[in-house]
Structure formats: structure tokens, C-alpha cells
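Notes to accompany the following structure.
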Amino acid sequence: MVYKTIRKIIVFCLFCLFPINLYSNIVYDKNEIIITEIDLDYYNQVYFENFGETQNEFEAIKNIVVIKKFIDNFKKNNPLFLKKIDEILNEEFNGEIMDIQIVRDFIRYYKIKNEFIYEFYDTKFNIEDLKNIFNSFEKIELPISKNNCLTILKVIDLKGNIDFLNNFYANLKKKDKKYEVIIDNETYNVCVDSRTNKVFEQNILNYIDIKTADDFKKFVYEKQ
């Protein structure tokens with residue numbers, strides 16, 4: 001479940017990139033980083049393609065600066081690793097897409113960052129991590145059923161329910177979506193729709209992003 005979400009971030013629908021005027025005003029010029037309106041337009045479209053939302057100009061410029069600094073540091077400290085990433089990306093995406101600087105850097109950034117997130121999820125993410133995530137919710141109210149969610153019996157708060165926690169964690173590892181809980185010695189189906197699944201997925205990703213932030217920075221800024 002989470003693995004698919006992570007990988008989706010770097011799958012683009014860029015074949016419909018709108019035509020952009022070759023002449024463009026500069027919207028940011030500081031510390032040897034220059035961002036043009038063209039960069040901003042391409043970034044906004046690629047960001048929307050991947051995350052389904054838009055950013056205001058301030059947020060977009062801030063993120064582009066982060067991406068550009070990130071790539072510059074990788075060129076200095078991890079040039080061989082960046083070269084390997086580019087080789088992989090050149091096979092995944094057509095040349096026209098990779099020729100667009102801001103798009104290429106966007107793909108590079110999330111490709112590398114996602115590898116860190118997935119590595120943690122695949123090898124280190126444990127049930128205590130999931131428990132911390134569940135505890136961050138005020139409530140986890142979900143419907144329960146006795147016939148695979150064809151009929152809903154009632155909605156209950158499953159925050160703190162050990163059976164649901166264990167079952168949810170097991171399903172993450174098995175990539176299964178059949179959720180169950182035991183209440184008064186009876187087994188019930190827990191009905192988790194796609195919208196709720198996405199909420200769980202996003203919270204897991206956000207949690208791992210925070211957990212891996214320090215190691216990620218070290219990898220970017222320290223020479224390998």
C-alpha cells in the first residue's frame with residue numbers, strides 16, 4: 001500500500017506539458033540560484049500532476065530553491081550516485097522530459113528522497129512506529145461488519161485497539177486490505193474505504209519523512 005504511494009510520486013503524466021514562451025521573467029535571483037517564470041510554470045504543473053494540489057507562488061519558489069540546493073550539493077558531494085540516478089531516470093523517462101532542467105531536478109529530488117523513505121519502510125518500520133501514528137489521531141472511527149462490509153453494523157473508535165493495530169500492521173507487510181478486529185470474542189470486518197486508506201498512507205509517509213530527515217541530510221551534505 002505505502003510502497004505504491006511512494007513509487008507513484010515519480011510517475012509523471014508530462015506528455016501534455018503546455019507550451020511555454022521561451023522568453024521569461026526572472027522571479028527569484030539570490031545566492032546563485034535563478035528561477036524564471038518558465039521554471040515556476042513547469043514546477044507547478046509537475047507538482048499538481050503528482051500531488052493533486054497547487055501551491056502559492058511563495059511555497060513553489062521556496063520548494064524550487066530547496067530542490068536546486070539539494071541537486072547542487074549532490075553534484076559536489078555525491079556525483080557518482082547522482083550519475084547512477086540519472087542513468088536510471090533516462091531509461092524511465094523520455095529525453096524531452098529530462099531536457100527540462102526543473103523537471104529533471106524535481107524527478108531527481110523525489111527519486112532520491114523516496115529511496116530513503118522506502119528503505120526505512122521496508123527494513124525499519126515496525127509496529128511501534130504504527131502505534132505512534134495511530135496515537136496521533138484524536139479518534140479512529142471506522143465501520144464494522146460481519147459480511148465483508150456489505151452491511152454496516154455500527155461505527156466504533158478503534159484508536160488503542162490492539163487487535164486492529166496488529167492486523168493493520170500485518171496487512172501493511174502482506175499488502176493486504178482485509179482488516180479485522182476482535183470484539184467480545186467475535187471477529188468483525190473493519191471497513192476501510194479508499195479515502196481513509198489515503199489518510200493512513202499519507203500519515204505513514206509523513207512520519208517516515210520526519211524519521212529519516214536527519215539521515216537524509218547527512219547523505220546529501222556529507223561526501224561519500
Side-chain angles (χ1 to χ4, degrees), residues 1-11 50-53 63 66-67 70 73-74 77-78 81 84-85 88 92 107-146 148-149 154-222 224:
M1 177 177 68
V2 175
Y3 175 74
K4 290 182 180 178
T5 302
I6 292 170
R7 304 305 289 184
K8 185 179 178 183
I9 294 176
I10 62 167
V11 177
N50 283 273
F51 300 107
E53 59 186 37
N63 282 356
V66 169
I67 289 172
F70 172 90
N73 277 288
F74 245 94
N77 300 323
N78 294 282
F81 183 85
K84 290 180 181 179
I85 291 293
I88 294 171
E92 291 184 15
I107 298 173
R108 286 165 152 179
Y109 176 79
Y110 282 103
K111 176 71 172 178
I112 297 168
K113 189 170 186 178
N114 290 342
E115 290 302 322
F116 261 77
I117 292 174
Y118 177 64
E119 176 67 19
F120 182 93
Y121 173 74
D122 192 47
T123 62
K124 298 179 182 179
F125 187 80
N126 57 47
I127 197 164
E128 286 300 315
D129 292 313
L130 184 62
K131 184 177 180 180
N132 290 336
I133 293 167
F134 278 3
N135 284 340
S136 69
F137 290 98
E138 183 177 348
K139 295 179 180 180
I140 302 179
E141 294 184 329
L142 295 169
I144 59 172
S145 169
K146 291 289 284 185
N148 292 318
C149 297
K154 59 181 177 179
V155 176
I156 62 174
D157 184 4
L158 292 173
K159 180 178 178 178
N161 187 292
I162 300 301
D163 287 322
F164 180 65
L165 174 69
N166 290 334
N167 179 252
F168 195 98
Y169 180 76
N171 285 357
L172 282 177
K173 296 303 179 179
K174 295 185 297 185
K175 299 181 176 62
D176 191 359
K177 292 187 178 181
K178 187 178 180 180
Y179 304 104
E180 294 181 339
V181 66
I182 298 174
I183 301 174
D184 297 330
N185 295 319
E186 285 197 57
T187 301
Y188 294 87
N189 309 118
V190 180
C191 309
V192 182
D193 59 21
S194 59
R195 183 184 65 82
T196 304
N197 251 323
K198 287 180 180 178
V199 172
F200 285 135
E201 288 177 359
Q202 191 58 56
N203 276 270
I204 291 171
L205 289 174
N206 291 343
Y207 176 87
I208 297 175
D209 193 15
I210 293 170
K211 289 278 285 190
T212 58
D214 289 341
D215 288 340
F216 184 59
K217 286 180 181 177
K218 289 179 182 177
F219 184 67
V220 173
Y221 294 105
E222 291 181 1
Q224 303 295 312

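Please read all numbers here as calculations on a predicted model, not as lab measurements. Count residues from 1 along the sequence.
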Practice task
Might you work through the salt bridge (charged side-chain N to carboxylate O under 4.0 Å, His left out) test for Asp209 and Lys113, ending with a clear yes or no?
Solution key: CA-CA 9 Å; Asp209 193 15; Lys113 189 170 186 178; 3.4 Å; yes

Handout entry: Asn132 versus Tyr207, side-chain donor and acceptor atoms under 3.5 Å
Key =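 Yes, Asn132 and Tyr207 have a side-chain donor paired with an acceptor closer than 3.5 Å.
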
Handout entry: Exercise: do Ser194 and Asn197 side chains pair donor with acceptor under 3.5 Å
Key =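 Their side chains do not contain a donor-acceptor pair, so the 3.5 Å distance test is not met.
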
Exercise for the section: Could you check Phe216 against Phe120 for ring pair (Phe, Tyr, Trp, His ring centres under 6.0 Å), going step by step and ending with a plain yes or no? Expected result: CA-CA 11 Å; Phe216 184 59; Phe120 182 93; over 10 Å; no

With side chains defined as the heavy atoms from C-beta onward, is the minimum distance between [X] and [Y] less than 4.5 Å?
X      : Y      : value
Tyr110 : Asn50  : no
Asn203 : Phe134 : no
Ile208 : Phe116 : no
Glu92  : Ile107 : no
Val181 : Thr187 : no
Phe81  : Ile112 : yes

How long is the gap from [atom1] on [X] to [atom2] on [Y], to the nearest 0.5 Å?
X      : Y      : atom1 : atom2 : value
Ile117 : Leu205 : CD1   : CG    : 6.0 Å
Lys173 : Ile127 : NZ    : CD1   : 10.5 Å
Ile85  : Arg108 : CD1   : CZ    : 10.0 Å

Between [X] and [Y] (side chain of the first, backbone of the second, donor and acceptor by atom type, cut-off under 3.5 Å), is there such a pair?
X      : Y      : value
Asp122 : Tyr118 : no
Asn167 : Glu180 : yes
Asn78  : Phe74  : no

Practice task
Could you go through the salt bridge (charged side-chain N to carboxylate O under 4.0 Å, His left out) check for Glu186 and Lys146 one step at a time?
Solution key: CA-CA 9 Å; Glu186 285 197 57; Lys146 291 289 284 185; 3.3 Å; yes

Exercise for the section: Check the surroundings of atom CD in Glu138: do more than 12 heavy atoms from other residues, nucleotides or ligands lie under 6.0 Å from it? Expected result: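 No - once you tally the heavy atoms of other residues, nucleotides and ligands closer than 6.0 Å, there are 12 at most.
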
Problem - Whether over 12 other heavy atoms sit under 6.0 Å from Lys139 NZ - result: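 Count not over threshold, so no.
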
Might you point out which heavy atoms bring [X] and [Y] nearest each other, and give the distance in Å?
X      : Y      : result
Phe168 : Leu130 : CD2-CD2, 3.8 Å
Asn189 : Asn148 : OD1-N, 2.7 Å
Lys124 : Asp129 : O-OD2, 3.6 Å

Practice task
With sequence neighbours excluded, tell me which residues meet side-chain hydrogen bond (donor to acceptor under 3.5 Å, both in side chains) with Ser145.
Solution key: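 Ser145: side-chain hydrogen bond (donor to acceptor under 3.5 Å, both in side chains) contacts with Asn147.
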
Exercise for the section: Kindly determine whether Lys177 and Val192 satisfy side-chain contact (heavy atoms from CB on, under 4.5 Å), including the steps that lead there. Expected result: CA-CA 8 Å; Lys177 292 187 178 181; Val192 182; over 6 Å; no

Exercise for the section: List the steps and the verdict of side chain to side chain donor-acceptor pair (under 3.5 Å) for Asp215 and Thr212. Expected result: CA-CA 5 Å; Asp215 288 340; Thr212 58; over 6 Å; no

Side chains of residues 154-164: which donor-acceptor partners sit under 3.5 Å, not counting sequence neighbours?
residue	atom	partner	partner atom	Å
Asp157	OD1	Ile140	N	2.9
Asp157	OD1	Lys159	N	3.1
Lys159	NZ	Asn135	O	3.2
Lys159	NZ	Phe137	O	2.5
Asn161	OD1	Asp163	N	3.1
Asn161	OD1	Phe164	N	3.0

Problem - Intermediate values then yes/no, side-chain contact (heavy atoms from CB on, under 4.5 Å), Tyr121 and Leu172 - result: CA-CA 10 Å; Tyr121 173 74; Leu172 282 177; 3.7 Å; yes

